Amino acid sequence: VTCGTDEIMMAGDTSRAANPLAYAAIEGDVTVDAGAIPIVPSIPYRAWNEKTRQMEDRVCMHYEIVTNATATFEGGQWYVVTGKVSTVNLTVNGSAYLILCDDATLTATGEIGFAGVSVSSGSSLSIFGQEKESGCLSAKGVQHGAGIGGCDKVGRDCGEITIDGGTVTATGGLFGAGIGSDESAVGGAVTIHGGMVTAHGGHGSAGIGGGISGAGGTVTIDGGTVTATGNIGSAGIGSGWQGADGGTVTINGGTVTAEGGKRGAGIGGGNCGTGGTVTINGGWVVAIGNNDAGKGIGGGCAVSGGTVNITGGTVESYGWNALDLGETVMIDGGNVKSRLCESQPTNEKDALLCRVRVRCPGLEGLVSLEGLEGYGTNDIYPIDGCVYLWLPRGTHRFALSDGEKALRYCAIVNKWDFDITVEPLPPVVDIGFFVNGVDIGSSSSGPGWTYGENNVLSLDGNGPFVL
């Protein structure tokens with residue numbers, strides 16, 4: 001094979017299928033015998049590596065360009081958006097893959113009974129972006145169709161949707177979720193690893209999850225920036241109006257903002273829907289329940305809140321004239337700003353927890369937490385100058401640092417405490433005053449005593465004490 005003055009050796013079969021690396025190495029017109037074969041350039045994209053749990057660069061060599069005439073994505077095929085394209089009733093059959101090239105736009109609209117991009121049960125769509133994440137997909141249903149997911153004409157249950165990159169905006173039609181199911185159906189499996197994702201539910205439907213009367217399905221977020229807004233009576237992420245429950249929501253990273261519609265939870269159940277199971281291990285999560293008793297994280301209006309497990313991350317949960325967190329809440333880590341729960345939170349050892357508001361003046365950005373054995377420390381960021389820890393009864397000594405400044409603390413939680421505030425301890429300085437042979441300035445605490453706020457020595461245990 002000759003390309004200009006270069007020669008690329010191929011043994012026997014000179015087809016693209018038999019020699020993918022050779023074809024990928026050149027662009028333009030290649031002469032094989034007496035004919036000319038146009039070479040399609042490879043397309044770079046970014047994808048999630050489940051083993052390293054990070055994004056990585058990859059290349060696609062075999063694909064089809066999406067045009068205005070594209071009506072289906074077939075199973076096993078790759079599709080690439082390179083310019084500005086508009087489709088109608090785009091339907092996925094099987095498992096398909098879509099790359100949004102930087103600065104390209106795909107506008108997908110569904111007519112009545114169709115989703116903007118129909119991905120029903122049994123099919124799957126994986127969406128990838130490039131380096132700038134500026135490739136856009138805008139998908140919108142009209143009636144009985146999700147923005148991306150289930151619909152009346154193809155299948156109301158949502159299939160599997162994975163987003164690794166790009167800028168994706170999904171708006172549900174009447175009774176359809178932004179990303180998820182149509183009316184009275186299940187929200188399917190939605191996984192977000194990266195990109196910029198915005199999802200708005202249609203009437204009575206979740207931003208991500210169930211359509212009206214639909215359950216939430218399974219939602220996993222590992223990264224990216226996600227904004228999900230539910231319509232009237234529905235959750236931001238979870239179930240639609242009168243859906244059975246919020247499904248299973250797991251957040252391991254990223255920045256997530258979820259706001260429910262009237263009577264819906266931020267994350268969890270819609271109106272009259274239970275909260276399902278919500279697990280947060282990392283990331284920054286803001287969950288807002290809307291008016292008429294929607295919880296921040298938990299159930300919708302008039303129902304129990306389900307199960308909430310938090311092991312890390314920064315979590316802000318705000319209910320509207322209601323509780324902030326659901327019925328069964330377990331907190332074993334993270335910075336969790338929440339006011340009221342249906343029941344007092346516990347940890348994995350079933351110990352009742354107190355909210356400890358830790359004032360941390362001067363600390364900015366990601367902070368490290370040291371000294372609390374077994375307490376999760378992923379993705380802790382101060383909220384308005386405070387970090388909110390949930391600790392059991394006892395004396396807890398720990399430190400916070402942003403890499404430039406470190407602060408020390410001693411929090412004493414008594415049996416009936418539910419909400420206390422602690423200030424930083426004075427800097428470590430030997431002051432020449434000893435308790436049982438220990439300089440109180442350099443240690444700040446010991447068996448039965450503490451030295452801290454306002455330079456006060458407290459003897460709060462059994463002696464003897466030698467001063």
Side-chain angles (χ1 to χ4, degrees), residues 53 250-253 278-285 307-315 317 325 328-338 341 343-360 363 365-383 386-428 435-436 438-453 458-462:
R53 300 196 63 77
T250 303
I251 300 174
N252 300 312
V278 179
T279 301
I280 301 174
N281 302 313
W284 192 323
V285 180
T307 300
V308 181
N309 301 306
I310 302 174
T311 68
T314 293
V315 181
S317 182
L325 291 173
T328 303
V329 181
M330 182 180 296
I331 302 176
D332 286 291
N335 172 20
V336 184
K337 183 180 181 181
S338 172
C341 308
S343 60
Q344 190 168 355
T346 61
N347 60 17
E348 65 176 355
K349 297 180 181 179
D350 206 30
L352 293 174
L353 302 180
C354 167
R355 187 181 80 163
V356 180
R357 181 190 291 108
V358 182
R359 298 194 187 280
C360 50
L363 296 188
L366 182 67
V367 300
S368 62
L369 170 64
E370 297 181 354
L372 297 178
E373 184 176 356
Y375 193 90
T377 62
N378 287 342
D379 297 333
I380 293 179
Y381 295 84
I383 303 171
C386 295
V387 168
Y388 297 83
L389 308 179
W390 291 76
L391 304 175
R393 179 184 178 185
T395 300
H396 306 276
R397 302 175 184 88
F398 56 92
L400 293 173
S401 173
D402 63 3
E404 295 184 1
K405 181 179 181 180
L407 299 174
R408 299 178 306 124
Y409 300 89
C410 179
I412 301 173
V413 179
N414 295 310
K415 183 175 182 180
W416 303 113
D417 286 338
F418 182 78
D419 188 0
I420 66 172
T421 299
V422 296
E423 303 286 346
L425 295 172
V428 176
V435 176
N436 295 341
V438 176
D439 191 298
I440 63 174
S442 61
S443 181
S444 76
S445 63
W449 65 269
T450 58
Y451 173 70
E453 188 174 359
S458 300
L459 303 178
D460 48 23
N462 297 323

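Only a predicted model underlies this, so the values are computations on that prediction, with no experimental measurement involved.
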Residue from N281, D379, T279 passing side-chain hydrogen bond (donor to acceptor under 3.5 Å, both in side chains) with N252: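 Between N252 and the candidates, side-chain hydrogen bond (donor to acceptor under 3.5 Å, both in side chains) is satisfied uniquely by N281.
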Are any of the side-chain heavy atoms of V422 and C410 separated by less than 4.5 Å?
->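 No, too far: nothing below the 4.5 Å cut-off.
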Just wondering, do Y375 and L391 contact through their side chains at under 4.5 Å, heavy atoms?
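Side-chain contact under 4.5 Å: yes.
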Note to self: If you compare all heavy atoms of L325 against all heavy atoms of S317, which two are closest, and at what distance to 0.1 Å?
What the structure shows: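 Reported closest heavy-atom pair: CD2-OG, 3.6 Å.
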Q.
Parallel, tilted or perpendicular: which one describes the rings of W390 and F418, with boundaries at 30° and 60°?
A.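 Ring orientation, 0 to 90° scale: perpendicular.
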Between [atom1] of [X] and [atom2] of [Y], what distance do you get to the nearest 0.5 Å?
X: R393; Y: H396; atom1: CZ; atom2: NE2; result: 10.5 Å
X: F398; Y: R408; atom1: CZ; atom2: CZ; result: 11.5 Å
X: Y388; Y: N335; atom1: OH; atom2: CG; result: 8.0 Å
X: R397; Y: T395; atom1: CZ; atom2: OG1; result: 5.5 Å
X: D417; Y: I412; atom1: CG; atom2: CD1; result: 10.0 Å
X: D419; Y: R357; atom1: CG; atom2: CZ; result: 5.0 Å

With a 3.5 Å distance limit and no angle check, can you tell me whether N414 reaches the backbone of W416 through a side-chain donor-acceptor pair?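 No.
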Notebook entry, point to check: When you measure from the side chain of D332 to the backbone N and O of E348, does any donor-acceptor pair fall under 3.5 Å?
Noted result: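 Indeed, once roles are kept as given, a pair shorter than 3.5 Å links the two residues.
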So if I apply the side-chain contact (heavy atoms from CB on, under 4.5 Å) rule between C360 and each of I383, V367, V387, which one comes out positive?
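Single side-chain contact (heavy atoms from CB on, under 4.5 Å) partner of C360 among I383, V367, V387: V387.
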